[in-house]
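Structure record follows, encoded as structure tokens.
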Amino acid sequence: MNPGRDNAEAQRAVLRARHTASQARMTAATKAYRKTLVREMFAQPVRDHAYRCIGRPVSLLRAGYLASLDELGLDQLRDNGFEVTVLTVDEDGPRFAGRAGTDSRAAEGKTILGDLRTVPMPPRSFDIVHCALLLDRISHVELVLDRFIAALRPGGLLLLHIRDRDCAAGFLDRIAPQWVRRALWSRLNPGQPGPFRAVYEPAGSDRGIRAYTQLRGLVIARRETARTAAAGSGRAGQAVSAVRGLIPRLTRGRLTDAHDEVLYVIRKPEDHFARVV
């Protein structure tokens with residue numbers, strides 16, 4: 001028996017437990033902040049736009065089942081007497097329905113199975129287009145954005161939530177081999193669909209989206225950034241966080257770790273002669 005060694009081991013165990021608990025609290029706080037930010041970012045503009053549509057239903061196009069409609073506050077609008085119609089376009093169909101925390105009432109609507117690059121979208125037929133966490137895993141981003149804008153009515157809203165290509169997390173995701181991405185995903189996001197393809201076209205980055213809006217004569221009404229914490233609190237999550245922290249130093253600040261997601265509220269001009277697709 002060595003009381004000194006046993007006491008030191010007990011102290012180390014206590015420190016590890018405190019560190020793990022602290023990380024868990026930080027992760028929970030980050031998730032709560034991100035959820036609140038996204039909801040406040042999108043729900044208010046959606047509510048304001050709905051009042052402009054009084055006298056007719058508010059039509060919404062959702063790009064993919066993983067785009068949660070909870071963050072748009074649609075149930076509150078319906079409780080206040082607004083009629084909201086939802087059309088979802090998804091290649092994979094409803095097998096992901098409900099996996100993103102979407103409320104069952106908000107998810108009511110029609111579904112079209114197909115590719116966003118080719119599926120029919122009637123021009124000027126939607127008040128709002130909602131596309132969340134999708135542009136990083138598809139190709140021909142500009143074509144998809146052009147089709148979204150063409151489908152919006154003048155004055156309509158394009159709500160985008162992207163994973164930024166030009167950040168530490170995006171860099172790791174696009175350079176890591178697929179087997180590494182699968183292994184990390186199973187540990188950090190158990191039970192969640194993924195990992196999806198890591199395409200990360202430059203047009204789908206923060207810089208790409210801002211350049212696109214300028215070229216098309218669109219208005220970014222609001223832009224916010226968010227940083228997601230690794231879901232896992234074990235060694236995998238700690239390792240990913242440590243590598244993310246090193247990347248800004250190795251790239252001399254070219255790739256940031258201050259955020260990994262960007263949210264936009266983009267408005268299509270009401271001027272029929274504006275340079276918009």
Side-chain angles (χ1 to χ4, degrees), residues 35 38-135 138 143-162 193 216 218-222 263-272 274 276-277:
K35 185 176 181 180
V38 174
R39 186 175 183 86
E40 291 180 351
M41 176 83 177
F42 291 151
Q44 181 66 48
V46 168
R47 181 165 59 251
D48 292 344
H49 193 75
Y51 279 98
R52 302 176 60 187
C53 303
I54 289 179
R56 63 174 176 81
V58 179
S59 56
L60 184 144
L61 172 64
R62 174 170 62 157
Y65 263 110
L66 289 181
S68 172
L69 294 178
D70 285 344
E71 57 201 31
L72 305 186
L74 299 188
D75 289 336
Q76 289 81 358
L77 284 177
R78 286 168 173 158
D79 290 341
N80 290 330
F82 289 92
E83 182 180 353
V84 183
T85 63
V86 179
L87 173 65
T88 301
V89 179
D90 196 302
E91 283 187 321
D92 297 302
R95 67 191 182 97
F96 290 149
R99 302 292 289 276
T102 301
D103 182 88
S104 58
R105 281 202 302 155
E108 292 174 357
K110 182 180 178 182
T111 299
I112 295 179
L113 300 182
D115 191 325
L116 287 166
R117 295 167 294 187
T118 58
V119 70
M121 293 185 191
R124 302 190 177 193
S125 55
F126 296 97
D127 297 295
I128 301 166
V129 175
H130 182 217
C131 177
L133 304 178
L134 175 69
L135 297 185
I138 64 172
L143 171 61
V144 173
L145 291 174
D146 281 346
R147 304 197 78 219
F148 287 162
I149 298 303
L152 275 175
R153 292 189 174 102
L157 298 179
L158 172 60
L159 308 178
L160 291 182
H161 182 177
I162 70 165
R216 296 295 190 270
L218 305 171
V219 178
I220 298 180
R222 186 176 176 186
L263 300 90
Y264 311 84
V265 177
I266 300 171
R267 188 177 300 279
K268 178 178 179 178
E270 295 191 46
D271 184 355
H272 292 270
V276 177
V277 174

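Excluded from the calculations below are hydrogen atoms, water molecules and symmetry mates; all remaining heavy atoms, backbone and side chain alike, are included. Here the structure is a predicted model, which is why all the values come from computation and not from measurement.
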Interatomic spacing from [atom1] in [X] to [atom2] in [Y] - rounded to 0.5 Å:
X    : Y    : atom1 : atom2 : result
T85  : L60  : OG1   : CG    : 7.5 Å
L135 : L145 : CG    : CG    : 5.5 Å
L152 : D127 : CG    : CG    : 8.5 Å
I149 : I266 : CD1   : CD1   : 6.5 Å

So [Y] and [X], do their side chains get closer than 4.5 Å, heavy atoms only?
X    : Y    : result
L116 : M121 : yes
R147 : L61  : no
L134 : V144 : no
V46  : I128 : yes
L158 : K268 : no
L157 : F42  : no

Test log, rule side-chain contact (heavy atoms from CB on, under 4.5 Å), inputs V86 and L69: CA-CA 10 Å; V86 179; L69 294 178; 3.9 Å; yes
Has S59 got a side-chain atom pairing as donor or acceptor with S125's backbone, closer than 3.5 angstrom? yes
Can you check whether V84's main-chain N or O pairs, donor with acceptor, with R78's side chain at less than 3.5 Å? yes
Any carboxylate oxygen within less than 4.0 angstrom of a Lys/Arg side-chain nitrogen, looking at D146 and R216? yes
If you take all heavy atoms of [X] and [Y], which pair is closest and at what distance?
X    : Y    : result
H49  : G155 : CE1-O, 3.2 Å
E40  : R222 : O-NH1, 3.8 Å
M41  : L263 : CE-O, 3.3 Å
P269 : L218 : CD-CD2, 4.0 Å
F82  : I54  : CE2-CG1, 3.9 Å
V58  : C53  : CG2-CB, 4.0 Å

Other residues, nucleotides, ligands: >12 heavy atoms within 6.0 Å of E83 CD: no
Could you walk me through whether E71 and H130 satisfy the side-chain hydrogen bond (donor to acceptor under 3.5 Å, both in side chains) test, starting with their C-alpha distance in whole Å, then the side-chain angles of each, then the deciding distance to 0.1 Å, before giving a yes or no? CA-CA 10 Å; E71 57 201 31; H130 182 217; 3.0 Å; yes
Full working for side-chain hydrogen bond (donor to acceptor under 3.5 Å, both in side chains) between N80 and Q76: CA-CA 6 Å; N80 290 330; Q76 289 81 358; over 6 Å; no
Would you confirm whether the ring centroid of F126 sits within less than 6.0 angstrom of the ring centroid of F148? no
